[in-house]
Every structure is written in C-alpha cells, then in structure tokens.
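Worth saying up front: this structure is predicted, and the values here are computed from it rather than measured.
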Amino acid sequence: PTYAHLGCTGRAEPPALPVSDSTNIGATEPEPASKYRTLASTLITSQIPKLPPPPPMMMASAPAPNPRLGREAVVRAVGALLRWLKHHPSPAPEPVYLLVTLKTAPVRRFEHYLSLPLSPFPSIFLVADRLPDDLPDDIETLPSSALRSLPPVARRGLVLVDSRLKIPSSGKGAKGRGRVVPVDLADPAWAESAREAARRVELRVEAGTCRAVRVGHAAMAPEEAVENVVAAVEAAAACVPRKWRNVRALHLKAPESIALPLYAAPGTGGNDDSKDAKRQAATAVEQGRVKRGRKE
C-alpha cells in the first residue's frame with residue numbers, strides 16, 4: 001500500500017519488531033540439557049525414603065564363645081589325659097573324673113544327678129539268678145554270689161542287680177565296687193531304664209569344696225569324652241548353690257594322674273587352684289567311695 005495522501009512517497013515498510021519478540025513467535029528456545037538432568041535427579045532423590053542406619057544388634061556377627069569354659073581347653077585336657085592313660089594301661093579301663101571345686105561349701109548336704117550324652121562306664125553287668133529272655137548283647141551277666149567279691153572289670157563298670165536280691169553293705173567287694181543299681185526284671189522296659197541310669201552320674205557335696213564326678217573312661221573316643229565333659233560342666237554349674245559364681249575351678253583327672261586344669265575363676269589364681277586340686281583330688285574320689293559304702 002501507498003501513503004500518498006499522507007504526503008509520503010514510496011512503499012511504507014512495517015515497523016520493525018524487536019529481535020527478542022520476533023524470535024519468540026512460532027518457536028521457543030530449547031532449554032539447556034543440564035537443567036533437565038538436574039531436575040530429574042532432584043525428583044528421583046526426593047521420592048526415595050531415607051532409611052535410618054541399622055542398630056548394632058541387627059548387624060550380623062559371629063556368636064561369642066563361652067567366656068567361662070572354652071571347648072578348646074576341654075579338647076586339650078581330654079586328649080592329654082587319654083594319651084597318658086594309654087601309656088599306663090590297667091586290667092580294666094580307668095575312670096575319668098571331673099573335679100568341681102567351689103568357693104564356699106554349701107550349708108546343707110546336697111545331691112544331684114547329672115545327665116550325660118553317653119554312659120561313662122566301660123561295661124554293664126547284670127547280677128541275677130534268673131536271667132530274662134530279652135537280655136541285650138552288651139550286658140554281661142554275673143551270679144548273685146559275685147556281689148560279695150566283684151571282679152576288677154565289674155568294679156569299673158555299672159552293676160545292675162535284680163531287685164529281688166539283697167545288696168550286701170559289707171564284704172570284700174562292697175568297697176570300691178563302683179555303682180550298683182537295682183532293676184526290676186519283671187518290667188518289659190528294664191533294659192531301656194538301665195541304659196538311662198547308666199547315663200546319670202551323681203554329684204554329692206557333703207563337706208569340703210572339692211567333689212569328683214565320673215564323666216568317662218580310658219576306652220572312650222576323644223570326641224565322646226569331650227561331649228560328656230562339656231555336658232557335665234554345664235549341668236554341675238547349673239545345680240550348685242550360686243551357680244557359676246560359686247565355681248572356683250574345674251579339673252580333669254584319672255585316679256593316678258595329675259589334675260589337668262579346665263577353668264579357674266577370675267581373680268582366684270589358676271596356679272593356686274591347680275595345686276589345691278592336686279592335693280584334694282587324690283582323696284576326693286576315695287572319700288566319695290567310702291561314704292557311699294557306709295551309706296549302703
């Protein structure tokens with residue numbers, strides 16, 4: 001169009017638009033890629049919940065060993081004692097005793113039976129005049145006359161006596177004859193009851209602070225003896241007055257061997273406990289036999 005009427009000549013050009021405005025018509029300027037990456041990272045991070053750190057008790061850790069009695073100490077003591085017994089053979093397998101030394105003697109007389117995984121007796125004998133028909137192969141028989149003079153092999157083992165027989169309280173075989181248990185042969189389950197009785201040992205505290213508990217014999221395998229010792233220690237510590245707080249020391253011993261240390265209470269002096277056990281262990285077993293013989 002012309003604008004002659006306005007006194008202008010030539011073609012009129014439309015007014016020029018600002019550069020910034022002309023560039024925004026019909027198109028938008030692309031945003032930088034780094035801006036979108038920052039925005040996406042912010043959104044993702046805000047949607048993930050922050051978990052608190054796990055407490056110490058939830059963290060996996062290895063079980064703590066028993067601070068009182070380590071199994072390694074039992075394995076070493078059992079191995080050393082069984083090797084010593086192998087080099088000092090006897091006609092019958094020698095018994096192995098656990099010596100329990102208390103800090104203070106109990107006020108009253110105390111008896112408790114400890115259950116062991118295996119029998120600490122090398123053999124089982126049955127004294128009866130009328131033998132049952134279902135006699136197990138691992139139980140040997142003796143006549144009733146043997147009660148007054150048991151053979152050395154039977155004295156090291158468990159002696160089952162027919163409840164119809166009278167057990168003598170005196171005689172040549174009464175002292176040091178081992179453990180004698182009456183059984184009712186009329187009971188169909190007498191053999192199972194006898195094997196259960198063979199796994200129970202007596203912990204008797206009458207006077208003094210050192211007592212002996214039978215936990216095995218020289219013919220046992222080391223692994224079996226270790227299992228019996230560990231079970232006897234836990235059971236003995238659980239039944240004595242004041243439990244572990246009253247246990248001064250634990251030793252392993254055969255009748256003619258020295259006392260091998262297993263445990264000494266902190267602050268009591270392990271060397272002193274070992275010397276005390278060596279002095280008392282020689283008489284602890286014999287005192288228990290004599291007192292049981294008097295009671296019977």
Report task. Take T209 and V100 through the side chain to side chain contact (heavy atoms under 4.5 Å, CB included) test and state the conclusion after the steps. Result -> CA-CA 8 Å; T209 58; V100 181; over 6 Å; no
Query raised in the report: Does any pair with a residue in residues 222-233 pass salt bridge (Lys or Arg N to Asp or Glu O under 4.0 Å), and if so which ones, sequence neighbours excluded?
Result: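 Non-adjacent pairs meeting salt bridge (Lys or Arg N to Asp or Glu O under 4.0 Å): R71-E227.
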Query raised in the report: What pairs meet the salt bridge (Lys or Arg N to Asp or Glu O under 4.0 Å) rule with one or both residues in residues 91-101, with sequence neighbours excluded?
Result: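 Passing the test, one end in residues 91-101: E94-R156.
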Smallest separation among heavy atoms of [X] and [Y], with atom names:
{"X": "L98", "Y": "L252", "answer": "CA-CD1, 4.4 Å"}
{"X": "R199", "Y": "P117", "answer": "CD-O, 3.4 Å"}
{"X": "P222", "Y": "V78", "answer": "O-CG1, 3.9 Å"}
{"X": "P120", "Y": "H217", "answer": "O-CD2, 3.3 Å"}
{"X": "L82", "Y": "A221", "answer": "CD1-C, 4.4 Å"}
{"X": "V159", "Y": "A154", "answer": "CG2-O, 3.6 Å"}

Report task. May I have the step-by-step check of side chain to side chain contact (heavy atoms under 4.5 Å, CB included) for H88 and E256, ending in yes or no? Result -> CA-CA 9 Å; H88 298 79; E256 302 298 332; over 6 Å; no
How about [X] and [Y]: do any of their side-chain heavy atoms sit closer than 4.5 Å?
{"X": "R76", "Y": "E72", "value": "yes"}
{"X": "H251", "Y": "Y263", "value": "no"}
{"X": "K103", "Y": "R245", "value": "no"}
{"X": "D162", "Y": "L165", "value": "yes"}
{"X": "S257", "Y": "L85", "value": "no"}

Hey, any chance [X] and [Y] share a hydrophobic cluster, counting ILVMFWY side chains that come within less than 4.5 Å of each other, even indirectly?
{"X": "V213", "Y": "M220", "value": "no"}
{"X": "V75", "Y": "L81", "value": "yes"}
{"X": "V229", "Y": "L118", "value": "no"}
{"X": "V215", "Y": "I258", "value": "yes"}
{"X": "V240", "Y": "Y113", "value": "no"}

Query raised in the report: Partners of H112 by ring pair (Phe, Tyr, Trp, His ring centres under 6.0 Å), sequence neighbours excluded?
Result: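 If we apply the ring pair (Phe, Tyr, Trp, His ring centres under 6.0 Å) test to H112, skipping adjacent residues, there are no hits.
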Requested in this report: Applying side-chain hydrogen bond (donor to acceptor under 3.5 Å, both in side chains), name anything that partners D138, two or more places apart in sequence or on another chain.
Outcome: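 Here the qualifying residues are R195.
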Rounded to the nearest 0.5 Å, what separates atom [atom1] in [X] from atom [atom2] in [Y]?
{"X": "L160", "Y": "T141", "atom1": "CG", "atom2": "OG1", "value": "11.5 Å"}
{"X": "W244", "Y": "E234", "atom1": "CH2", "atom2": "CD", "value": "6.0 Å"}
{"X": "D137", "Y": "I139", "atom1": "CG", "atom2": "CD1", "value": "9.5 Å"}
{"X": "L147", "Y": "L142", "atom1": "CG", "atom2": "CG", "value": "8.5 Å"}
{"X": "L158", "Y": "S123", "atom1": "CG", "atom2": "OG", "value": "8.5 Å"}
{"X": "L262", "Y": "L99", "atom1": "CG", "atom2": "CG", "value": "9.0 Å"}

Taking [Y]'s backbone N and O only, do any of them form a donor-acceptor pair with [X]'s side chain (distance below 3.5 Å, no angle check)?
{"X": "K253", "Y": "P255", "value": "yes"}
{"X": "S115", "Y": "R200", "value": "no"}
{"X": "N228", "Y": "L116", "value": "no"}
{"X": "K243", "Y": "A238", "value": "yes"}

Query raised in the report: When you check the side-chain N and O atoms of N246 and T104, is any donor under 3.5 Å from an acceptor?
Result: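 There is such a pair (donor and acceptor under 3.5 Å, judged by atom type) between the side chains of N246 and T104.
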Query raised in the report: With ILVMFWY side chains joined below 4.5 Å, transitively, what does V107's cluster contain besides itself?
Result: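 Answer for V107: none, a lone residue.
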Requested in this report: Could you go through the side chain to side chain contact (heavy atoms under 4.5 Å, CB included) check for V153 and F125 one step at a time?
Outcome: CA-CA 10 Å; V153 178; F125 293 86; 3.8 Å; yes
Query raised in the report: Between V161 and V183, does a side chain to side chain contact (heavy atoms under 4.5 Å, CB included) hold up when you go through it step by step?
Result: CA-CA 6 Å; V161 181; V183 293; over 6 Å; no
Can you give the donor-acceptor pairs under 3.5 Å from side chains of residues 127-134 to other protein atoms, not counting sequence neighbours?
| from | atom 1 | to | atom 2 | distance (Å) |
| --- | --- | --- | --- | --- |
| D129 | OD1 | S144 | OG | 2.9 |
| D129 | OD2 | S144 | OG | 3.3 |

